[in-house]
There are 2 protein chains.
Amino acid sequence: MAGTRKLPTRDELRVWRDFVETTEALRGSLAGRLQGDTGLSTGDYTVLLALSEADGGRLRSSDLAVRIGWERSRLSHHLGRMERRGLIRREECATDSRGAEVVLTPEGNDAFRAATVPHLRAVRELFVDALTPAQLAAAGEIAAALREHLGRA
Amino acid sequence: MAGTRKLPTRDELRVWRDFVETTEALRGSLAGRLQGDTGLSTGDYTVLLALSEADGGRLRSSDLAVRIGWERSRLSHHLGRMERRGLIRREECATDSRGAEVVLTPEGNDAFRAATVPHLRAVRELFVDALTPAQLAAAGEIAAALREHLGRA
DNA sequence: CCTCCCTGATTGACACGTCAACGATATGAC
DNA sequence: GTCATATCGTTGACGTGTCAATCAGGGAGG
């Protein structure tokens with residue numbers, strides 16, 4: 001074998017392309033539904049979900065970034081857009097003057113609560129209902145395997 | 001049952017989140033490698049691949065858009081960026097004065113040829129090698145099921 | 001106290017994607 | 001030939017994501 005790392009076969013490549021294109025289309029479809037039903041982007045939803053689960057609907061910006069797995073600059077940009085729309089507010093942090101606290105506004109809370117059922121329904125319709133129970137389980141295992149492999153690289 | 005469309009269970013939702021987050025991370029990882037190894041984005045690669053497979057390395061803009069499944073405006077913006085970098089050229093179309101032909105430049109061809117092996121290797125390492133043969137097959141079936149379901153909705 | 005360094009968060013520049021509007025040309029009905 | 005309509009491609013506005021730079025405030029060691 002002379003130490004070669006082989007390239008993917010034609011079939012493997014086809015699976016890869018199908019997989020990527022389909023997951024992208026799925027994500028787009030979900031995002032479009034969420035946007036259409038509720039006026040929120042998936043990013044908005046992610047942020048609002050984390051805030052609504054937090055004590056007092058408020059979190060340190062950094063903690064929020066960790067919880068949702070975003071880079072800080074991404075979060076900062078996104079919070080700027082959400083603040084302009086009144087979904088969240090930023091306050092100074094009492095215990096660390098560098099810090100900022102992100103606070104869920106009543107409007108943000110309303111928007112989130114109005115969005116959750118339609119969003120979950122869409123997840124069911126577009127993802128869960130598309131797969132057999134065995135396929136759903138396999139999807140979970142595939143995700144785990146990919147993630148574990150990614151973690152090593 | 002009273003006609004209710006149930007929401008996803010906790011387990012189904014967990015699979016969904018794992019699946020989305022992992023595929024997103026995978027896509028990001030691949031894109032980062034391609035960018036680092038070759039200076040191309042995945043969009044660049046897609047366009048260059050289609051052009052390099054076309055007769056004479058040239059395609060009508062609309063045909064190119066259809067082949068790679070992009071909206072025309074997306075393609076137009078992307079071609080503008082690629083043209084600035086000398087990867088492609090736009091020429092007027094002889095048979096239809098509205099049209100434009102996209103032409104692969106020598107630089108674009110070189111960039112693509114230099115990119116293909118590293119990119120395929122990355123696909124193998126990050127995707128194919130992460131999965132057992134059974135999981136790979138399941139991934140293909142899952143993609144097919146999702147796509148077919150999406151097509152109906 | 002005063003460096004030096006680390007961390008929290010923001011900013012600016014830029015790539016990328018979508019949507020809606022637009023200008024120009026083709027095309028078919030008449 | 002003329003006009004309505006459809007198609008081709010571009011553009012502008014804006015949301016989104018990454019990277020590198022920046023600024024301000026902690027905190028440990030002298």
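Chain naming here is simple, since letters A, B, ... match the order of the sequence lines and numbering starts at 1 in each.
Distances from the side chain of A/R98 to the nucleotides C/dA20, C/dA9, C/dT7 place C/dT7 closest. You'll find that the side chain of B/R90 is closest to D/dT10, out of D/dT10, C/dA9, C/dT25. Checking C/dA9, C/dA15, D/dT16 against the side-chain heavy atoms of B/R81 singles out C/dA15 as nearest. Ranking C/dA9, C/dT25, C/dG17 by closeness to the B/S97 side chain, first place goes to C/dT25. Nearest nucleotide to the A/D96 side chain, out of D/dG26, D/dG15, C/dA9: D/dG26.
Atom NE2 in B/H78 sits about 5 Å away from atom P in C/dC16, given to the nearest Å. Taking atom CZ on A/R72 and atom C1' on C/dT10, their separation rounds to 10 Å, with Å as the unit. Rounded to an integer number of Å, the gap from CD of A/E92 to C1' of D/dG25 is 12 Å. The separation between A/R27 atom CZ and C/dT18 atom P is 12 Å, rounded to whole Å. Taking atom CD of A/E83 as the reference point, atom P of C/dA9 lies 14 Å away to the nearest angstrom. Taking atom CG on B/L40 and atom P on C/dA15, their separation rounds to 14 Å, with Å as the unit. We find that CD of A/E71 is positioned 17 Å from P of C/dT11, with the value rounded to whole Å. D/dT11 atom P lies 18 Å from atom CZ of B/R74, rounded to whole Å.
When the nearest nucleotides of DNA chain D are assigned to A/G43 and B/L75 by heavy-atom distance, the more 5′-ward of the two goes with B/L75. Along DNA chain C, the nucleotide nearest A/S76 and the nucleotide nearest B/S41 are compared for position; the residue whose nucleotide lies closer to the 5' end is A/S76.
Remark: the B/H77 side chain and the D/dG12 base include a donor-acceptor N/O pair separated by less than 3.5 Å. A donor-acceptor contact under 3.5 angstrom links the side-chain atoms of A/S73 to the base of D/dC19.
Taking the six-membered ring for Trp and thresholds of 30 and 60 degrees, B/H78 and B/W70 have ring planes more than 60 degrees apart, a perpendicular arrangement. Ring pair A/F19/B/F127 is tilted by interplanar angle, where 30° to 60° counts as tilted.
A/E101 has a carboxylate O that lies under 4.0 Å from a charged side-chain N of A/R58, or vice versa, which qualifies the two as a salt bridge.
Side-chain contact check for A/R72 and A/S61: no donor-acceptor pair (N or O, by modelled atom type) lies under 3.5 Å.
Other residues, nucleotides and ligands contribute more than 12 heavy atoms inside 6.0 Å of the CZ atom of A/R85.
Within 4.0 Å of B/R84, counting heavy atoms only, lie sugar-phosphate atoms of the nucleic acid but no base atom. Among the heavy atoms of the strands lying under 4.0 Å from B/S61 are primed sugar atoms or P, OP1, OP2 only; no base atom is included.
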